[in-house]
Amino acid sequence: MTTRTAIVTGGASGIGGAISKRLAADGARVAIFDINGDAAKNAAAAIEEKGGTAIGLAVDVTNRAGIDAGIADVGARLGRPTILVNSAGITLAGPTLEFTAADWNTVLAINLTGTFDCCQAALPGMIEEGWGRIVNISSSSMHSGVARMAAYVSSKAAVVGLTKVLALEFARNGVTVNTIPPGFIETPMLDGAKAGGVFDMEKQLANTPVGRIGQPEDIAAACAYLVSEEASYVTGQVIGVNGGRNT
Ligand SMILES: NC(=O)c1ccc[n+]([C@@H]2O[C@H](COP(=O)([O-])OP(=O)(O)OC[C@H]3O[C@@H](n4cnc5c(N)ncnc54)[C@H](O)[C@@H]3O)[C@@H](O)[C@H]2O)c1
């Protein structure tokens, strides 16, 4: 992977953070796009301290002009990005009958439209290179649904559909597009959901066959495979990494 440049959205924290570290350790030049620019720069600096190549940029995935500018900046500084991992996401929970249109739109704008816009912005460069890898981080919640999470679960189910469409459309361009729906992964997002009482974690753990909560590195390992050269025959797939909870 040493000749590749990767963009990881939401790469300043949690799953995106672990993916950024892993891809850099595997030899990719990594650009971290995060709405929290300082955190993105700090995460990139930590990668560089360990001998990797990384830059952090303040990019809000709901701002298409900002995405385009970020991709141009990455191209100039690290070389054209041909790997895109969409991990930026938020969760807002609440009873469906009380859920506001503003909250619905916010969740969809980041989790779904943000993912689409980053794909649309990065794909032309991949097509020109005749090689590309896109991994969209969806959620295992789309397998089963989660009460009081209509916007989040809808956005993540839609990301699965989007992944399948893009895989079909760009397969002949050497671009693979896959999605990882993580199960429960120990990150700041999960901490927030636990604090908000969204999940009964003891019950969830009891329903997890491998008997542990996942770590961000579990997702990063699957992602590292999907963006590798040897995964060129894997596209349009939903690769669950969830301790066996959903199959
Ligand atoms: N943690 C879990 O258990 C779990 C389970 C299933 C799916 N996921 C998904 O994994 C992805 C990563 O989640 P995480 O647990 O690492 O969460 P996290 O909160 O630790 O990280 C999310 C990152 O996205 C960034 N972000 C938020 N809005 C953004 C925007 N508009 N533009 C750019 N960056 C933005 C945040 O600043 C943060 O750095 C999310 O898409 C989430 O839905 C997480």
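What you see below is based on every heavy atom in this structure, not just the backbone, and it leaves out hydrogens, waters and symmetry mates. The shown structure was predicted, so the numbers you read here are calculated from the model rather than taken from an experiment. Each ligand, and each atom within it, is numbered from 1 in the order the structure gives.
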Atoms in ligand 1 with a heavy atom of [X] nearer than 4.0 Å:
| X | answer |
| --- | --- |
| Gly14 | 16 (O), 20 (O) |
| Ala88 | 24 (O), 33 (C), 34 (N), 35 (C), 41 (O) |
| Tyr152 | 6 (C), 7 (C), 8 (N), 9 (C), 42 (C), 43 (O) |
| Gly89 | 22 (C), 24 (O), 27 (C), 40 (C), 41 (O) |
| Lys156 | 40 (C), 41 (O), 42 (C), 43 (O) |
| Val59 | 32 (N), 33 (C) |
| Asp60 | 30 (C), 31 (N), 32 (N) |
| Pro188 | 20 (O) |

Original post:
Out of Ser87, Ser140, Gly183, Ser139, who gets a non-hydrogen atom closest to atom 5 (C) of ligand 1?
Top reply: Gly183
Original post:
atom 6 (C) of ligand 1: which of Ala12, Ser141, Pro182 has the nearest heavy atom?
Top reply: Pro182
Inspect the contact between [Y] and [X] and indicate whether a charged nitrogen and a carboxylate oxygen are less than 4.0 angstrom apart.
| X | Y | result |
| --- | --- | --- |
| Asp34 | Lys41 | no |
| Glu98 | Arg148 | no |
| Arg80 | Glu128 | yes |

Top protein contact for [atom], by heavy-atom distance:
| atom | value |
| --- | --- |
| atom 20 (O) of ligand 1 | Ser13 OG, 2.6 Å |
| atom 32 (N) of ligand 1 | Val61 N, 3.0 Å |
| atom 16 (O) of ligand 1 | Ile15 N, 2.7 Å |
| atom 13 (O) of ligand 1 | Met189 CE, 3.9 Å |
| atom 3 (O) of ligand 1 | Ile185 N, 2.8 Å |
| atom 14 (P) of ligand 1 | Thr187 OG1, 3.6 Å |
| atom 34 (N) of ligand 1 | Ile35 N, 3.2 Å |
| atom 36 (C) of ligand 1 | Asp34 OD1, 3.5 Å |

Subject >> Ile137 to ligand 1, any heavy atom closer than 4.0 Å >> reply: yes
**OP:** Decide whether the shortest distance between a heavy atom of Ser138 and an atom of ligand 1 is less than 4.0 Å.
**Re:** yes
**OP:** Could you please spell out the steps behind the salt bridge (Lys or Arg N to Asp or Glu O under 4.0 Å) verdict for Arg212 and Asp218?
**Re:** CA-CA 12 Å; Arg212 69 172 174 87; Asp218 292 317; 2.9 Å; yes
How far apart are the closest heavy atoms of [X] and [Y], and which atoms are they?
| X | Y | value |
| --- | --- | --- |
| Leu84 | Ala122 | CD2-CB, 4.1 Å |
| Tyr152 | Ile90 | CD1-O, 3.2 Å |
| Ile185 | Pro216 | CG2-N, 3.4 Å |

Can you find a pair of side-chain heavy atoms, one from [X] and one from [Y], that are under 4.5 Å apart?
| X | Y | answer |
| --- | --- | --- |
| Pro181 | Asn242 | no |
| Thr179 | Lys164 | no |
| Thr5 | Thr82 | no |
| Ile137 | Pro182 | yes |

Original post:
So Leu92 and Phe99, side-chain contact (heavy atoms from CB on, under 4.5 Å) or not? Walk me through it.
Top reply: CA-CA 9 Å; Leu92 291 175; Phe99 210 74; 4.1 Å; yes
**OP:** Using side-chain hydrogen bond (donor to acceptor under 3.5 Å, both in side chains) as the criterion, point out the one residue from Asn136, Asp117, Asn111 that pairs with Asn86.
**Re:** Asn136
Original post:
Between Pro181 and ligand 1, which part of the residue brings a heavy atom under 4.0 Å of the ligand: side chain, backbone, both or neither?
Top reply: neither
